[in-house]
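In what follows, a single structure is set out as structure tokens and then discussed.
All values below were derived from every heavy atom in this structure, side-chain atoms included, with hydrogens, water molecules and symmetry-related copies excluded. Sequence lines set the chain letters: A, B, ... in the order given, protein chains first and strands last, and positions in each chain run from 1. Keep in mind it's a predicted model, so treat the numbers as computed, not measured.
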Amino acid sequence: MKIHEYQAKELFRREGIPVPEGRVAETPAEARQIAEDLGGGPVVVKSQVLVGGRGKAGGVKLADGPDEARETAEAILGMKIKGLTVTRVLVTPAKDIAREFYLGIVQDRSRQRPVLMTSAAGGVDIEEVARTAPDQIVTTPIDPVLGLRPFQARQAAFHVAEGRTAAQMARIMVQLWNAYRRVDANLAEINPLIETPGGEVWAIDAKINFDDNGLARQPEIAGWRDPAESPPEENEARAAGLSFVKLAGNVGCLVNGAGLAMATMDLIQHFGGRPANFLDIGGSSSPDKVVTALDIITRDANVKAILFNIFGGITRCDDVARGIIEARRRADIAVPIVVRLVGTNEEEARDLLAETDLVPAATMDEAVQTAIRLAEGGAA
Amino acid sequence: MKIHEYQAKELFRREGIPVPEGRVAETPAEARQIAEDLGGGPVVVKSQVLVGGRGKAGGVKLADGPDEARETAEAILGMKIKGLTVTRVLVTPAKDIAREFYLGIVQDRSRQRPVLMTSAAGGVDIEEVARTAPDQIVTTPIDPVLGLRPFQARQAAFHVAEGRTAAQMARIMVQLWNAYRRVDANLAEINPLIETPGGEVWAIDAKINFDDNGLARQPEIAGWRDPAESPPEENEARAAGLSFVKLAGNVGCLVNGAGLAMATMDLIQHFGGRPANFLDIGGSSSPDKVVTALDIITRDANVKAILFNIFGGITRCDDVARGIIEARRRADIAVPIVVRLVGTNEEEARDLLAETDLVPAATMDEAVQTAIRLAEGGAA
Amino acid sequence: MSIFVDRDTRLVVQGITGRDGGFHAEQMLAYGTRVVAGVTPGKGGQTALGLPVFDTVAAAARETGANASCIFVPAAAAADAVLEAVDAGLGTIVCITEGVPVADMNGVMPQVKAAGARLIGPNCPGLITPGQAKVGILPGGIVAPGRVGVVSRSGTLTYEVVWQLTQAGLGQSTCIGIGGDAVIGTNFIDCLAAFQADPETEAVVMIGEIGGTDEEEAADFIAANVNLPVVAFIAGRTAPPGKRMGHAGAIISGGAGTAAEKIAKLGEVGIPVATIPSRIVPELQKIYTPQA
Amino acid sequence: MSIFVDRDTRLVVQGITGRDGGFHAEQMLAYGTRVVAGVTPGKGGQTALGLPVFDTVAAAARETGANASCIFVPAAAAADAVLEAVDAGLGTIVCITEGVPVADMNGVMPQVKAAGARLIGPNCPGLITPGQAKVGILPGGIVAPGRVGVVSRSGTLTYEVVWQLTQAGLGQSTCIGIGGDAVIGTNFIDCLAAFQADPETEAVVMIGEIGGTDEEEAADFIAANVNLPVVAFIAGRTAPPGKRMGHAGAIISGGAGTAAEKIAKLGEVGIPVATIPSRIVPELQKIYTPQA
């Protein structure tokens with residue numbers, strides 16, 4: 001899960017990280033008022049959308065005082081950035097920049113622990129730096145139990161800076177770690193952390209992503225979820241306990257298990273078709289879940305055929321078939337449905353399906369090819 | 001540092017430990033009101049003084065309803081328990097007791113970590129249990145970094161109890177550890193933790209002692225210090241950065257260093273005298289500290305002679321002597337003062353002292369014997 | 001003739017009185033696994049499926065000589081359940097629970113390693129040594145004893161592949177699902193090393209997916225240390241970047257963890273990568289014929 | 001001819017630009033200790049007392065080959081300073097700072113031990129090997145080279161005893177103040193083992209005080225492992241129970257840690273305990289005559 005810059009800044013502020021003041025505006029007039037409240041000097045008006053590259057897209061602009069802030073907000077509010085409409089802007093004082101640094105803490109899968117990444121190359125895309133000039137990044141593994149020790153932070157900070165600036169940076173690193181740890185983040189980033197010509201240090205951008213598995217114990221953070229982060233179907237699926245990702249094709253898929261769901265999606269493409277989604281309906285085969293899944297999938301007008309790919313495993317296939325038939329009965333569906341069921345009692349299941357308009361298939365390959373053909377208007 | 005039961009209960013409550021409700025009364029009328037607010041049933045009226053053995057001293061009494069609570073509070077308020085006057089009572093609902101357990105976390109010096117102690121022998125003096133029936137105590141060392149793991153708590157809890165009671169107890173153990181850790185305690189104790197006939201579990205007493213070195217980062221706790229815990233002179237000394245313990249004798253001591261101060265105290269007794277105090281004036285010899293120390297010591301009418309025992313070490317003895325002379329000039333002191341100074345420039349120091357009414361001495365033995373003689377009215 | 005679990009496995013089921021724990025304990029017993037005890041705090045002294053239930057894993061291990069555990073507790077209690085099994089001296093710990101926070105797993109792994117224990121999972125289907133022991137939730141009906149080792153990050157996709165192997169007459173030494181989370185106790189390399197060391201495993205099928213670099217590291221490991229025939233499959237060729245595909249670990253982030261990279265790397269070191277699941281068995285048959 | 005520090009000690013002073021750190025670094029230099037660097041974060045590149053100052057201990061160790069550290073930082077930063085020295089690979093770390101929270105020291109000790117480093121203190125005067133190296137705040141003027149090892153929980157009481165030894169012509173191999181806190185890095189047993197192993201230490205004076213059971217454990221250790229003559233002194237015979245006597249560790253609590261118990265235990269294993277400080281030298285002379 002992601003949150004907005006202004007929310008990440010709030011979490012950073014709680015830890016003591018120096019973040020410039022600022023507030024969120026939903027209208028140009030509010031933006032003007034905030035700029036005035038901030039003293040009337042130059043401000044930055046920053047679109048709050050959950051995608052990267054806001055700056056390049058024109059979603060971050062300098063404004064010289066309240067009137068310009070209003071005009072700038074007017075231009076930015078309503079903009080579309082990578083498909084997302086800007087409904088909020090953060091208005092925050094502009095800071096003079098002498099130097100820009102990068103600070104980030106991210107889960108390192110190979111090391112099975114978080115790492116602090118520090119670089120004097122701030123303000124740019126850190127993944128680009130990692131690719132082109134990895135020696136410009138200092139990597140500090142963080143002991144998952146001991147946490148980031150202040151001395152480790154100092155070692156990293158004095159590697160990229162010096163004097164009072166480095167000492168402040170080291171304190172900010174520990175505060176960033178505290179933020180990361182406290183909210184079950186898997187990414188916490190300040191890019192850039194700036195030094196002003198006068199030697200002040202400020203976190204002028206802020207980003208935190210969360211470990212979805214940690215959200216159960218982070219009720220405040222979970223409540224900050226912006227539905228605009230995902231298409232509405234994905235939010236609805238999540239609420240129903242389904243793992244769903246929308247794609248652009250015409251074959252809707254319902255699969256049990258994430259790996260099998262990915263493989264099904266791949267197989268559709270392999271046989272020249274186009275999957276409409278990734279959908280893992282999980283271990284249970286309750287008709288309620290299937291109905292919700294069918295509802296979400298068929299709302300997409302592109303979907304011309306639906307494919308069930310279920311490896312029954314321990315669950316009896318006839319039970320699964322009965323669940324699908326019940327769901328199909330409750331949902332009003334116009335497109336053909338191909339069902340492939342493997343596992344205990346798969347013959348009984350096929351007999352059950354034979355009495356319906358569901359199209360049975362024996363193998364994954366057969367099921368996928370049938371679904372593609374049907375989606376393209378062919379016959380079962 | 002110690003805090004009262006009602007304060008410890010507040011800290012326990014914050015962690016979720018089941019503590020019966022209750023409030024503190026300073027007058028019998030308040031006690032009556034609290035008992036009424038608690039529903040009018042039987043309550044316990046508990047003196048809040050910072051010493052053990054309140055129960056035996058008659059400072060904890062059952063009262064059958066609000067009127068009896070007022071009478072009981074009247075009897076307890078104003079009582080003296082081990083020299084401390086009761087000014088507050090905690091009024092809390094009486095609970096029926098089926099079983100009593102002991103839970104405590106304490107710093108184990110040898111293991112260099114805290115240990116959880118669990119016993120089915122609750123409600124009695126745990127040190128007595130440790131002496132007479134050590135096998136009735138389950139000791140669980142706590143990893144200082146990992147903390148008390150829930151499974152360790154369960155192992156201990158299921159050793160002394162069973163079923164739902166043990167499961168609840170295990171949760172309380174982890175909560176007790178969280179309290180201990182969060183406030184830099186060196187003792188956190190629930191004695192007894194009770195099970196009611198209906199199977200409820202309650203912490204009906206609570207005790208927390210603190211690591212004095214941790215108080216610097218525990219401003220809330222430090223603010224809870226009850227001056228009644230120590231004699232006023234000790235509080236005053238602490239405020240001045242002096243380490244002072246009041247004793248019953250007639251030779252006041254000012255010594256630099258705690259070990260030397262203890263040895264000086266021992267030596268006075270060894271030679272038949274009676275030390276009036278333990279006082280470590282610390283590393284510096286600033287006249288201000290010495291003036292405060294002299295002031296505190298001479299306020300005790302028992303003190304008939306004062307002994308300075310200073311091992312100069314790196315500090316020059318003539319500087320120390322000048323400090324003492326200056327302090328002596330500023331303080332109006334009627335009793336004789338013996339000064340023993342060792343270290344760099346000790347001869348110069350003795351020359352300086354020779355011009356004053358301070359009585360110089362070359363060795364600890366000589367200094368102590370002289371001070372005892374003077375305290376008993378003898379001549380220098 | 002297997003890795004990690006076999007006839008000598010004496011299993012305790014943590015969370016045996018829960019719905020999933022109870023159901024799968026029964027399935028494991030039915031398969032013939034030597035399940036010796038269950039653990040549910042507060043239910044010590046009861047029995048479940050005819051097995052004694054203990055309040056703690058330590059008591060269960062002491063009383064029954066258990067040497068392995070299968071964990072079915074809620075996500076919030078999973079890390080502690082693993083550490084309890086480690087503390088009780090169990091050598092093989094299989095954590096089925098899904099949704100365990102990454103920070104919890106980060107904290108658990110150093111303790112597991114320090115104790116020399118083997119943790120499989122979390123969020124995994126467990127493992128099965130056909131004819132000997134099934135620990136976890138893999139369906140016993142799809143496997144057959146044999147000499148192909150199967151290791152996979154998936155659940156049902158593994159079943160699909162194992163079922164195809166069985167139908168083709170290719171039995172398995174051990175089938176293991178290592179789990180789809182970002183931090184797992186046992187990875188491809190651990191399993192490959194164990195299969196290589198197992199005298200009765202003759203070939204390996206490895207099923208990876210997008211996210212992380214475990215498959216790439218496994219490729220290097222195979223090149224240097226494994227002389228068994230290995231066939232791979234990677235799921236998620238068509239997954240869009242930045243989206244979590246069900247599994248917490250299945251995400252292409254920052255341009256890393258794509259199927260293309262993994263497939264290229266495996267190809268570089270000479271490991272055949274099946275394009276689709278139904279090609280796994282034929283690819284294996286090209287380079288491996290079971291001994292009579 | 002010494003324990004823990006000697007001519008080969010290459011010392012970094014953490015907190016060299018502070019008041020105490022600067023003063024005592026100067027005293028150590030004046031005594032002849034090979035102080036090679038100072039560390040103060042943010043002052044790297046400056047010099048202090050003619051020594052290079054670094055921002056981190058790691059940089060100081062790398063640039064100067066330091067192998068030991070003396071710490072004079074505020075209490076809140078002390079645990080981190082110790083871990084920084086451990087991380088930089090320094091083998092001997094002397095922490096003078098007082099007021100370090102017990103929880104911090106609990107957390108530090110496992111790391112120190114895992115690294116195989118030696119921590120002395122905190123809240124200690126440090127140690128001195130006469131004529132070779134002084135690390136800490138013990139006054140250099142009171143010691144003399146020789147063959148008596150001195151180990152003590154006190155500061156000025158140690159000076160008193162060492163000064164009496166020196167005046168009696170009994171020089172010292174090493175004098176070490178282990179500190180008065182409840183949790184310390186090096187205890188009596190560690191020092192006794194080192195003195196026993198040191199070919200040039202011929203006798204030991206051990207100065208204990210009330211609180212804890214270190215002296216009792218030391219008595220058992222001496223009985224089993226030390227054949228050097230040992231004389232002890234225990235401060236606090238007349239201390240009232242439940243009162244902290246200055247040192248955080250000097251408290252009789254729950255009836256444990258009394259001087260009487262310690263003296264009895266030492267007596268049991270045949271260690272003479274001087275009744276008053278001025279009897280320490282005579283007691284030692286009864287059982288030990290320095291070789292010519």
Side-chain angles (χ1 to χ4, degrees), chain B residues 107 109-110 112-114 126-127 130-131 142-145 180-181 184-187 211-217 230 234 243 245-247 255-271 275 278-280 282-283 309-315 342-344 363-365 368, chain D residues 23-24 27 75-76 98-107 109-111 125 137-142 152-160 163 180-183 207 209-214 217 233 235-240 243-250 254-256 259 275-278:
Chain B
Q107 170 73 15
R109 290 169 67 140
S110 299
Q112 303 194 324
R113 59 188 53 196
I126 194 70
E127 283 154 10
R131 260 190 301 277
I142 299 173
D143 183 289
V145 177
Y180 181 98
R181 181 184 52 78
D184 273 303
N186 58 22
L187 174 79
D211 170 19
D212 289 349
N213 287 352
L215 289 175
R217 60 186 179 196
S230 313
E234 293 187 17
S243 184
V245 175
K246 191 159 166 41
L247 301 168
V255 189
N256 68 330
L260 191 60
M262 274 190 278
T264 303
M265 204 172 86
D266 292 350
L267 195 61
I268 291 170
Q269 201 122 331
H270 175 83
F271 284 122
F278 163 94
L279 177 69
D280 172 10
N309 184 15
I310 308 290
F311 199 101
I314 286 158
T315 325
V342 188
T344 320
T363 68
M364 247 176 99
D365 290 357
V368 164
Chain D
F23 176 78
H24 288 290
Q27 296 279 328
E98 67 177 314
V100 183
V102 169
D104 288 8
M105 285 308 301
N106 284 342
M109 285 311 300
Q111 314 300 315
I137 66 174
L138 288 105
I142 61 170
S152 169
R153 277 169 70 183
S154 304
T156 47
L157 177 58
T158 317
Y159 310 167
E160 180 82 36
W163 182 226
D181 279 1
V183 174
I207 301 159
E209 62 188 30
I210 55 163
T213 55
D214 274 14
E217 287 152 29
F233 177 78
R237 290 168 189 248
T238 58
K243 289 283 187 180
R244 169 178 158 165
M245 307 304 277
H247 290 163
T275 48
I276 61 176
S278 61

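Interface remark: Ala239(D) contributes backbone and side-chain atoms alike to the contact with chain B (heavy atom separation under 4.5 Å). In this structure, chain D has heavy atoms under 4.5 Å from both the backbone and the side chain of Arg113(B). No part of Ala216(B) comes within reach of chain D, as not one of its non-hydrogen atoms sits under 4.5 angstrom from that chain. Only the side chain of Leu247(B) comes within contact range of chain D, with heavy atoms under 4.5 Å apart. Within the 4.5 angstrom heavy-atom criterion, only side-chain atoms of Met109(D), from C-beta onward, approach chain B. If you measure heavy-atom distances from Arg181(B) to chain D, you find no contacts under 4.5 Å at all. Only the side chain of Gln107(B) comes within less than 4.5 Å of a heavy atom in chain D; its backbone stays farther off. In this structure, chain B has a heavy atom under 4.5 Å from the backbone of Val100(D), while its side chain stays farther away. Contact of Phe271(B) with chain D is made through the side chain alone, with heavy-atom distances under 4.5 Å. Heavy atoms closer than 4.5 Å to chain B are found in both the backbone and the side chain of Glu160(D). Both the backbone and the side chain of Arg244(D) come within contact range of chain B, each with at least one heavy atom under 4.5 Å from a heavy atom of that chain. Neither the backbone nor the side chain of Ile207(D) comes within contact range of chain B; no heavy atom of the residue lies under 4.5 Å from a heavy atom of that chain.
For the set His24(D), Met245(D), Gln27(D), His247(D), the entry with the most heavy-atom pairs within less than 4.5 Å of chain B is Met245(D). Top candidate by heavy-atom pairs under 4.5 Å with chain B, chosen from Gly141(D), Gly107(D), Gly140(D), Gly236(D), is Gly236(D). When Pro275(B), Ala258(B), Gly343(B) are compared by the number of non-hydrogen pairs under 4.5 Å with chain D, Ala258(B) comes out ahead. Of the residues considered (Ala256(D), Gly249(D), Ala259(D)), Gly249(D) shows the highest number of contacts with chain B, using heavy-atom pairs under 4.5 Å. Residue with the most contacts toward chain B among Ser154(D), Gly180(D), Pro110(D), Gly212(D): Gly212(D) (heavy-atom pairs, distance under 4.5 Å).
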Next on the checklist: Before you tell me yes or no, could you show the steps for Asp365(B) and Ile276(D) under side-chain contact (heavy atoms from CB on, under 4.5 Å), namely the whole-Å CA-CA distance, both residues' side-chain angles and the distance that decides it to 0.1 Å?
Outcome noted: CA-CA 9 Å; Asp365(B) 290 357; Ile276(D) 61 176; 3.9 Å; yes
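Thr156(D) places no side-chain N or O within donor-acceptor distance of the main-chain N or O of Phe311(B), the cut-off being under 3.5 Å. Side-chain N or O atoms of Asp266(B) include one that pairs as donor or acceptor with a backbone N or O of Arg237(D) at under 3.5 Å. The backbone N or O of Pro144(B) sits nowhere less than 3.5 Å from a side-chain atom of Asn106(D) that would complete a donor-acceptor pair.
Across all non-hydrogen atoms, the minimal contact from Ser110(B) to Thr213(D) is OG-OG1, 3.7 Å. Contact detail for Ser243(B) and Gly246(D): the closest heavy-atom pair is OG-CA, 3.1 Å. Considering every non-hydrogen atom in both Ala103(D) and Arg217(B), the closest pair reads CB-NH2, 4.1 Å.
Legend: residues meeting salt bridge (charged side-chain N to carboxylate O under 4.0 Å, His left out) with Glu98(D), ordered by chain and number and at least two apart, are absent. For Arg109(B), the salt bridge (charged side-chain N to carboxylate O under 4.0 Å, His left out) criterion is met by no residue, not counting sequence neighbours.
Using a 4.5 Å heavy-atom cutoff, the side chains of Ser278(D) and Thr363(B) are not in contact. Counting heavy atoms from C-beta on, the side chains of Asp181(D) and Asn213(B) come closer than 4.5 Å.
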